[in-house]
Asks: 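Here's a structure for you.
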Amino acid sequence: MDKKLLPLLFMITCLIGGAFAQTRQIRGKVTSAVDGNPLLGVSVAIFGTSQVTQTDGTGNYAVQVSGNDPILVFSYMGYAGQRVHVSNQSVVNVQLAADSETLDEVVVTAMGIERQSKSLGYSASILNADELTKARETNLINALAGKAPGVRISSQSGTVGGSSKIVIRGVNSLDGSTPLWVIDGTPVTDGTSAGGTTARNIDFGNRIGDISSDDIASLTVLKGAAATALYGSRAKDGAIIVTTKKGTGGGSPSVTVSSSMRFDNPLLLPDFQNDYAQGNFDSGIGEYVYNMRYLNGWGPKITGQTVKDFLGRDVQLHAYPNNVKDYFNTGYSNINNVSIAGGTESSDYRLGLTHTGEKGIIPNSELKRYNLSLNAGNQFSEKLSSRFSGTYARIDAAGRPAQSSNNPNILLSSVYSIPRVVDINDLKNNFEDPLTGEQIFLGSLKDGNNPYWIMNYNTNDNVVDRFYGSYNLTYKPVDWITISNNLGGDITLEKRSSVVRKGTASVVNGAFYNTELFSRQINNDLIVTVSQDNLVDDFKFSLMLGNNINDRQSESTLITATNLTIDQLWNYPNAANTVPSRAYSKRRIVGVFGDLGMSYKDYLFLNVTGRNDWSSTLPLHSRSYFYPSASGSFIFSDAFEEELPAWLSYGKLRASWAQVGSDMDAYQLDYQYTPVSQVFLQFHGNSNIFPFGPIETAFTGPRILPNYDLVPQRQNSFEIGAELSFLQNRIGVDFNYYNSATKDQLIPIDVAISTGYFSKYVNVGLVRNKGIEVAFNLVPVKTINFNWGIDFNFSKNTQIVEELTDELPEYSAASGWSGLQIKAEKGKSFGLYGKAFQRDAETGKYIVDADNGLRLTEDNKRLGNLYPDWMLGINTNFNYKSFTVSGLVDIRHGGSFYSGTVEGLRTSGMAKETGGDRSQPIIDDALVDKGNGLVQNDVPVESHQLFWSENYKAANTEANIFDASYIKLRELRVSYALPNRLLSGQKVFKSAEIGVEGRNLWLIKSEVPHVDPESNFFGAGSVGEAVEFYNVPSARSFGVNVRLTF
Amino acid sequence: MRFITKRIGCSFIIGALLLSNTSCNDYLDINKSPLTATEIDPSLVFGYAVTAWDANKNSGDGWLPVGLMAQNLASGGNFGWGRENVYDISVYSLGNTWKTYYSTGGNNLMQAIKIAESADPVQNNAAAQSKIVLAQFIYEATALYGDVPFSEAWNPEEFPYPKYDNQKDVLYGIVRLLDEAIAQIEEDNVLKIKDYDIYYNGEMSQWKKLANSIKFKVFMLMVDAEPTVAEQIGQLLSADNMISSTADSWIHKYYERENNENPKFRLLKDFNSGVNNWFFANTNVLNYMHINDPRIPLYFDAGEAANGEFIAVGTNLDASEETATISAKLYRADAPSVILSYHELLLLQAEAYARGLGVTQDLTKADELYKEGVKQACIFYGASVSDATSFVSEDLESLVSTTNPLNEIHIQQWIDFMDRPQDAFIQWRRSGPEGQEVPILSLPSGAPAGPLIRRWTLSPDETAANPNIPNPQPRYSDKMWFDL
């Protein structure tokens, strides 16, 4: 063994293995009053301290306590909390009653501070381990859908290991909103691929998808600025605090094994016409003519006529209605987790290993993920303790399809354009000439790739190696002072590779692209906490002071290699041309912060925070900025316990106000000349060109004019809310109103291009988000053996761009293809803009061209809101003895959605609605002006092909915009936990549970034809959304889950 | 063990304090990118600007929609490229082309000028080279968009919203800029853009000829609306210091090397397996060409079913297997991009003599220049010298004897610009008053009802961010100052 490793191992051994029992240990078991089963993941906190642990799979826990009469606080999602005075007991067993409220739950808040739920002056949603693993999702983010009001989730595509986007309480900034993820006190990255109109739009997933939900004990969504003020700029869009599972001390080690098996198929595939072959309308003879040049549905009616097919055979035309459906696989995934947890009286550990294996619905696409996690704590002495938590994750994914447009390797575009008369098996068995190895093209022009050629040879893969973890050392010189240092890191290395085989249409000589992405974040928090409960009668005080150092570095290198000599040899010397490019960023923040907390008689709480940051990215004169917050809560049901009616079980009012400051990207202040290898070419995007002839290297001045007179961005927000529960917590309501305004946004705002620049960094704009969140819980039935609970999570957010600059009425935030834009316009929310059809103001009818009957258009019109009017998640749970049935319905109302896939299906004559009787000309129900004002249209369009291909083309943005509302059955699960009586008498299993689960099961209602309205071709980190171009269809999953504890 | 515990505790506290007490400013002073430069040689931005500019001019922004709009290119309707870009200029093309003139191209040239003029010693030649190219940028911009920012452009601190100069002032401004460049040229000074001068390899005498030639071209554009510039035309003709051979022609070369190919070739290569069955011979060109014109088989490839016959099609009508496509030769990887050619200049000079602009009208001289111009054009596009000579001597009518010599010159200018749609679009508009242009164009099939396009509208990026845009904004059909 490497000698250098020995001291390190010794140190780790000392840190996690030593035992210096100076305190008293309390052990016990927590079970459910409903069925007597042990409860996993119950939070067990020692009141008045920051110490907290959790029960293991057998419901057992162990904690170290000091003092004469410590109080243990037990809390668990869906169960009524309990407080127990320990006195001199050493074993405390607790039975928790099912409840729809979580009154005394311990919440992990900013900077890892654990607080009782009732003391919070702001809204926070907590999801525990069971919620996250109920129906396992490969991407953790998807498990949040519909479960927390104000949290909007949309998965980008059905790509295996695909990315998902999360938005909390609306988009705050003109450049988007990205919540901060914090794992065991350490901020971690949620990087993602760019998406949108990039040359190769491939969904490589987002980095939160690296996390295994089996390692998570709880997840707290902090929504408002007050909740996140201590994290500063990075959490202005909310924060998600993840606490990983810990071991339990004092008992024998327990092993938990859980396994899920899942099968996937496409949730929704397009409806195709099955009446017409490929071809073209010949205006000379007025007929639709079969032609192998085209991959479309504009040919003759399929009547069994004999034609040549793509293999040169004489065949009789007939339709293959399932040829697209048969292209897709039944996906398969397997998630296995094994963990061992245990410890001594003064130490604990949990070691977990998760393997996720997934084969996607796209043939040849697969993902393997491994998560090895360790969480180990040690109490060195009464005063000194430590905890290490770390995870190594490796993701190895292959066959991620290219999406979007303007790329001949876009898989779904090739699949959906397979003419209706082509047998998929012919295509599958004939994509490559067995003699020459050349591609067999479907079209006679050889301008579109055979989808099986793309799938088998032109693949996109990525491999991620990542470590994130933290080491916490806590020192308590006296009972009321705690000094804690949390040093954390998140290091990711990702390698992406895309290969294009020689003989591919448009890349005849082959190419490959290798990208290496490195990111590193080091974060250190030094926190001193002073707690005093005895200074003034009935008052408790706590003061926290801290220092934060955060260092983020990212680096990427892309090498494009083209023109290969030997086929499928992906080595640079084998390429006639290689072009490298590189990006680098490093930024730092130093901050000091404080949090003063006061409580009166445990029913009135007030917290005041302040933080000052110094950022490396801001101008020297404005790099220092301070921001405060205040929050309070009042438990009036405790204060007026005697006066209030018995039917009111709990009542709390809360309010908070906060300001958050933030900085900007690195290196935006100098006037810089950047070496470049590319220029822009329409249809290709940024394209490699340098070295060009004698021009070996080229530089360009900045597109964005630097500005040294910038100040930090500010976000002011306030929220008020109430938590009420009635009839012994059978009915619960959590209401919240919030209003946040983000101003002085640090963005490059468009300037007149004639100044020489695209944009200039300025402080500009005010985006306001205000809304309500209502969580309504109901337990209609509650008996000893049967429980039925139903939860409603409703949220309504209204976003308004209140200010831009005087000269700038609108700001282009993101672009799709063919004139589609996402814009911020003063006085409105972000919206979709593009070309609209001209309409008569009175009747609303289209106006068509008198010469050809086609709809007339007008440029740059607002075509719909980007965001929903409201969202509603409905969760329900039925428990009968050991059986549990749960379901989740997710409803979105409002907003708009653009589908490039629908555009392609319609203009190519493949969509069902383009079929039917094409013998009669289409006369649009519209008005026409033939020189004497508008009259009812009587001008026929020359052909159905012209009607659909012209009116519905991509440039006519409005034609492909739809209402984005939907109703989805998101989750359904049936589980059975073996009761204790069945497990007694054997010593192998401590608990056992089996469940059948399904996710994304049914698109109950949608206004969008052919595709899932949730698809999104922008990257998860982009402000852009609600636009798709040939995204991989989202998957419907069915599975089985088994969980055993030994 | 207690001792160890204390030591760990002490080390942790000391370490933490050290971390938190590092000099904050030093720790944060890292905001300098290691991947960019703050000082560079002017040739580096010059090289980028000219490459980005020509790429735009030959791409789906500056070539394809202009060609379909000017109607010297045919889309083939449903048989070919399709109707997508016919008389429908996408906002991206409007914006990308504008950005090339003012930002990615124009601003980098302005930076090259600034760097050259503030260098010690001053690099006058580099500044002059950059100014001459910039003058061409503005010429193209005003010819496409009409009134454009010029006097207040590229100065964001002083003019965040540049005003729009009227076209007449812009054209005079171009001439001033060129005069400034000519005055700045120091032919014997070795300080200049040499290796990265992809046009003349730093030969400043050729740059001077180019500057005069651009001036000549600008005056020829102005002369119908501003007849007084005829005098300057005459002066330039008599000074005889313009492009005087094909070697002087302003050519942007492309190469067969990967990524260095002509963008038109790249479009077909990347999206159509390198085959042109998208763009076809337009009747507006082929029907004006003499049957013996040696450029016909060089410009076009006969349709597969046409038995060698060259058959053209209307701008947006459906082509067929019989229709001639634009030739693979013109869309080859190393096809050069012509910016200002010797033969083009000869035809312009022929026009000046035929019209008597600044010189005495002289049809004999005009005919001589005209025939030499057509001959050189044929040779440039690949005809043999003998074929070219025979064509002009045997098939071209003499300007002296023809009834409308100017019309003949305009036809040859139009034919010459078949593969240069921006120049063709300018030529068509300046060839005669509205309705009498050469050739007479009509609305393409499928185009929205209305008049012919006579300009591009302004870039939406510009109109959204500049309150000084013309009010009302010009429409596609509005004529500009030079277009009578």
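By convention in this document, chain letters (A, B, ...) are assigned in the order of the sequence lines, proteins followed by strands, and residues within each chain are numbered from 1.
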Asks: Would you say B:N31's side chain and A:L669's backbone share a donor-acceptor pair under 3.5 angstrom?
Replies: no
Asks: Sort out for me which of A:P675, A:S677, A:A698 touches chain B most, counting heavy-atom pairs under 4.5 Å.
Replies: A:A698
Asks: At what distance, to the nearest 0.5 angstrom, does OG of A:S506 lie from CG of B:D270?
Replies: 6.5 Å
Asks: Looking only at heavy atoms and a cut-off of under 4.5 Å, which of A:K586, A:R582, A:H684, A:Q672 has the most pairs with chain B?
Replies: A:H684
Asks: Check the orientation of A:F690 and B:Y48. Use parallel for under 30°, tilted for 30 to 60°, and perpendicular for over 60°.
Replies: tilted
Asks: Against chain A, label B:R257 side chain, backbone, both or neither, depending on which of its atoms sit under 4.5 Å from a heavy atom there.
Replies: side chain
Asks: With no hydrogens and no angle check, is any side-chain donor or acceptor of A:T755 less than 3.5 Å from a backbone partner on B:P156?
Replies: no
Asks: Using non-hydrogen atoms and a 4.5 Å limit, figure out which bit of A:L820 sits close to chain B: side chain, backbone, both or neither.
Replies: backbone
Asks: Is a side-chain donor or acceptor of B:Y196 paired with a backbone partner of A:E696 at a separation under 3.5 angstrom?
Replies: yes
Asks: Sort B:L443 into side chain, backbone, both or neither according to what part of it lies under 4.5 angstrom from a heavy atom of chain A.
Replies: neither
Asks: When B:N259 is tested against each of A:N577, A:N688, A:T560 for side chain to side chain donor-acceptor pair (under 3.5 Å), which residue passes?
Replies: A:N577
Asks: Check whether B:Y27 reaches the backbone of A:V590 with its side chain - one donor and one acceptor, N or O, closer than 3.5 Å.
Replies: no
Asks: Relative to chain A, which segment of B:N108 carries a heavy atom at a distance below 4.5 Å: side chain, backbone, both, or neither?
Replies: side chain
Asks: Short question: side chain of B:E462, backbone of A:S754 - any donor-acceptor pair under 3.5 Å?
Replies: yes
Asks: Return the option, out of A:D282, A:V507, A:V508, A:T617, with the maximum number of heavy-atom pairs under 4.5 Å with chain B.
Replies: A:T617
Asks: Would you say the ring centroid of A:Y757 lies under 6.0 angstrom from that of B:Y102?
Replies: no
Asks: Measuring from B:D88:CG to A:E950:CD, what's the distance to the nearest 0.5 Å?
Replies: 8.5 Å
Asks: Please look at A:L705 and chain B and tell me whether the side chain, the backbone, both or neither of the residue comes under 4.5 angstrom of a heavy atom of that chain.
Replies: side chain
Asks: Apply ring pair (Phe, Tyr, Trp, His ring centres under 6.0 Å) to A:F683 and B:W81, showing your working.
Replies: CA-CA 13 Å; A:F683 306 120; B:W81 173 259; 5.5 Å; yes
Asks: Charged N to carboxylate O under 4.0 angstrom, B:D29 versus A:R588?
Replies: no
Asks: Tell me, side chain or backbone of B:K32 under 4.5 Å from chain A's heavy atoms, or both, or neither?
Replies: both
Asks: Kindly say whether A:D447 contributes a backbone atom to a donor-acceptor pair with the side chain of B:N272 at under 3.5 angstrom?
Replies: no
Asks: Is it the backbone or the side chain of B:V275 that comes under 4.5 Å from a heavy atom of chain A, or both, or neither?
Replies: neither
Asks: Would you please name every residue forming a side-chain hydrogen bond (donor to acceptor under 3.5 Å, both in side chains) with A:Y811, sequence neighbours left out?
Replies: none
Asks: Can you say whether B:N155 sits under 4.5 Å from chain A via the side chain, the backbone, both, or neither, judging by heavy atoms?
Replies: backbone
